[in-house]
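Here is the structure we will look at, set down as structure tokens.
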Amino acid sequence: GFSSTHKDSNTSPHTHTHTHTMTGMSVNSQYNGSLPNGDRGRRKSRFSLSRRPKANGVRPSTVHAACTAQAAKAISNKDQHSISYTLSRGQTVVVEYTHDNNTDMFQIGRSTESPIDFVVTDTVAGSQSNSDTQSVQSTISRFACRVMCQRTPPYTARIYAAGFDSSKNIFLGEKAAKWKTCDGQMDGLTTNGVLVMHPRHGFTEDSKPGVWREISVCGNVFTLRETRSAQQRGKMVEAESQELVDGSLIDLCGATLLWRTAEGLSRTPTVKHLEALRQEINAARPQCPVGFNTLAFPSMRRKDTPDEKQPWVYLQCGHVHGYHNWGSHRDRDRLDRDQEEREPGRSRECPMCRASGPYVPLWLGCEASFYLDTAPPTHAFSPCGHVCSEKTAVFWSQIPLPHGTHTFHAACPFCAQQLSGEQGYVRLIFQGPLD
């Protein structure tokens, strides 16, 4: 899945506030502004990073070959960060890490233990609640990755695979891919890997998809393995960097985060702006061309069950209607709204142009950080019906998001549903009032 993007700005990652973000935020792609059960504590749909009162960054120092007393001491010392690379049953290399006054460290993972600043859970595409996700075995690592941010301008943020646990250790077991680097250091990959994609031309109206890469435990950049957890690492890409830029996507195998910078966010529409656009559409009093009733997008807070005035769209042609319960191809049966919601794929014929295809309710995309511009919401993703600006729809429809262990597909950023149809989105055709 694609786990939502996060932005915010205080290390106590609280949501929906805008102070000066030190480096960024990351949003869980796909929760459309908030988690199904509400944003709570370290588990929320967006996080913001800001400078900590006291630096907590670390950097590598001493390397111990296995089995020495110092190596054992480094592992057992609760105040000493270390990474252990198990080469074989009898041989482990331990790299000690020392305090770094110039950086702040933020850790992301599935674990709710205290070293994790931002707790992420698997995203199940299109699911409204978390109840149906619990039975799924998570592929997100408990201590998935860490981001190191410079405490002084330009506040560069760098990402590394794996996070330190409660004993300040990272253990790479026998099965993990690991190797000795030419300068005598160790490096390795985590089981399902941490993938990063930096879009070309930043996160702007000119953005284009970049290339997915894998980030190692020491922050080096590699081409992808054949499958997520293959033993053989990809080739090192020396010309590329682990530095996060505005619009970088971070995939944790089960959740995708979007990284936004403070500067980038200053150009993004605010929730207030999206609300103004919603009211503008509604003020134009779009009508159902069949029932002649006035349509209106519901408020941003109401985003689960369609109401009476909800606009619906025929995804094949983009004609916007109110809900009507006829025109099904199945056996010309009359449908009710609940049934339609339960079986979103069934085909309907548009009364305006006779094009056949899915007929779904429209919902405004509420997570402002996913928008590439401040243009009005004129396009809808197919098949989910989330509405956003044209450039936003075009951008996300071209982004291949990791899915499972070896496939990629474009998905709606607001709900993570895989896109369908020729383009993955449709231009909306509203009928104005007849008076």
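- Between the side chain of Trp212 and the backbone N or O of Pro400 there is at least one donor-acceptor pair closer than 3.5 Å.
- A heavy-atom distance below 4.5 Å is not found between the side chains of Val320 and Gln431.
- At least one side-chain heavy atom of Val313 sits less than 4.5 Å from a side-chain heavy atom of Leu428.
- Residues passing the ring-ring contact (aromatic ring centres under 6.0 Å, His included) test with Phe203 are Phe395, sequence neighbours excluded.
- Each of Leu257, Val196, Ile399 was checked for a side chain to side chain contact (heavy atoms under 4.5 Å, CB included) with Leu249, and the lone residue meeting it is Ile399.
- Atom CG of Leu401 and atom NE2 of His409 lie 7.0 Å apart (nearest 0.5 Å).
- Ser207 and Arg200 share no side-chain donor-acceptor pair at under 3.5 Å.
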Worksheet item: Leu224 and Leu195: side chain to side chain contact (heavy atoms under 4.5 Å, CB included), yes or no, with the steps?
Response: CA-CA 8 Å; Leu224 300 188; Leu195 309 188; 3.6 Å; yes

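- The side chain to side chain contact (heavy atoms under 4.5 Å, CB included) with Cys384 is formed by just one residue from the set Cys415, Ser420, Pro361; it is Cys415.
- Summarising the geometry of Ser50 relative to Asp104, their closest heavy-atom pair is O-OD2, 4.5 Å, with the distance given to 0.1 Å.
- In terms of heavy-atom proximity, Ala393 sits nearest to His379 at CB-CB, 4.0 Å.
- With hydrogens and angles disregarded, a donor-acceptor distance shorter than 3.5 Å links the side chain of Arg260 to the backbone of Gly264.
- No donor-acceptor contact under 3.5 angstrom links the side chains of His81 and Glu96, judged on distance only.
- Pairing each heavy atom of Gly322 with each of Tyr359, the nearest pair is O-OH, 2.7 Å.
- A distance of 4.5 Å separates CZ in Arg158 from CD in Glu243, rounded to the nearest 0.5 Å.
- A salt bridge does not link Glu275 with Lys272: none of the charged nitrogens is closer than 4.0 Å to a carboxylate oxygen.
- Nearest heavy atom pair, residue Asn101 against residue Ala55, reads O-CB, 3.4 Å.
- Heavy-atom contacts from other residues, nucleotides or ligands closer than 6.0 Å to CD of Gln231 number more than 12.
- Side-chain contact between Ile429 and Cys317: absent, with no pair of heavy atoms (C-beta onward) separated by less than 4.5 Å.
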Worksheet entry | Candidate pair Ile159 and Arg146, rule side chain to side chain contact (heavy atoms under 4.5 Å, CB included), full reasoning | CA-CA 6 Å; Ile159 186 164; Arg146 59 200 195 278; over 6 Å; no

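- If you take NE2 on His99 and OG on Ser61, they are separated by 13.0 Å, rounding to the nearest 0.5 Å.
- Distance alone, capped at 3.5 Å, is enough to place a donor-acceptor pair between the Thr407 side chain and the His403 backbone.
- Within the 4.5 Å cutoff, no side-chain heavy atoms of Tyr371 are placed close to those of Lys391.
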Name each donor-acceptor pair under 3.5 Å that joins a side chain in residues 166-176 to protein atoms two or more places apart or in another chain, with its distance.
from, atom 1, to, atom 2, distance (Å)
Ser166, OG, Glu113, OE1, 2.2
Asn169, OD1, Ser82, OG, 2.7
Asn169, ND2, Ile75, O, 2.9

Practice prompt. Evaluate the criterion salt bridge (Lys or Arg N to Asp or Glu O under 4.0 Å) for residue pair Arg228 and Asp251; output intermediate values, then yes/no.
Written response: CA-CA 11 Å; Arg228 259 334 252 255; Asp251 188 81; 2.7 Å; yes

Worksheet item: Going through the distances and angles, do Leu244 and Val147 end up as a side chain to side chain contact (heavy atoms under 4.5 Å, CB included)?
Response: CA-CA 9 Å; Leu244 296 173; Val147 175; 4.2 Å; yes

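- Interatomic distance, CG of Leu189 versus CD1 of Ile215, reported as 10.0 Å (0.5 Å rounding).
- When side chains are defined from C-beta on, Val426 does not count as touching Ser382, because their heavy atoms never get closer than 4.5 Å.
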Item to complete: In sequence, state the C-alpha distance, the side-chain angles, and the governing distance for Leu87 and Val93, and then conclude on side chain to side chain contact (heavy atoms under 4.5 Å, CB included).
Response: CA-CA 7 Å; Leu87 303 178; Val93 175; 3.8 Å; yes

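- Within the 3.5 Å criterion, the main-chain N or O of Asn192 finds no donor-acceptor partner in the side chain of Thr190.
- Put simply, the side chain of Gln310 does not reach to within 4.5 Å of the side chain of Tyr323, judged on heavy atoms.
- Residues Met105 and Val58 meet the side-chain proximity criterion, which asks for heavy atoms closer than 4.5 Å.
- When all heavy atoms of Phe222 and Ser216 are compared, the pair lying nearest together is CE1-CB, 3.7 Å.
- Rounding to the nearest 0.5 Å gives a distance of 6.5 Å between NZ of Lys180 and CE of Met186.
- Centroid-to-centroid, the aromatic rings of Phe381 and Tyr425 stay 6.0 Å apart or farther.
- With hydrogens and angles disregarded, a donor-acceptor distance shorter than 3.5 Å links the side chain of Arg151 to the backbone of Arg52.
- With no hydrogens or angles considered, a side-chain donor-acceptor pair links Ser389 and Asp373 at under 3.5 Å.
- Within 6.0 Å of CD on Gln279 lie more than 12 heavy atoms contributed by other residues, nucleotides or ligands.
- Shown here for Leu419 and Cys412, the closest heavy-atom pair between the two residues is CD2-N, 3.5 Å.
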Output side-chain donor-acceptor pairs under 3.5 Å for residues 233-240, partner residues at least two apart or in another chain, one line each.
from, atom 1, to, atom 2, distance (Å)
Glu240, OE1, Arg213, NE, 2.9
Glu240, OE2, Arg213, NE, 3.4
Glu240, OE2, Arg213, NH2, 2.9

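- The aromatic rings of Phe164 and Tyr97 lie perpendicular to each other, with more than 60° between the two planes, well past the 30° mark.
- In this pair, Phe297 and Phe430 present their aromatic rings perpendicular. The plane angle is above 60°, beyond the 30 to 60° band.
- One finds the CD atom of Glu205 at 7.5 Å from the OG1 atom of Thr374 (value rounded to the nearest 0.5 Å).
- Considering only heavy atoms from C-beta on, Asp117 stays 4.5 Å or farther from Ile108 through its side chain.
- A donor-acceptor pair under 3.5 Å is formed between the side chain of Asp187 and the backbone N or O of Cys218.
- Between His386 and Phe414, the angle of the ring planes lies from 30° to 60°, which puts this pair in the tilted group.
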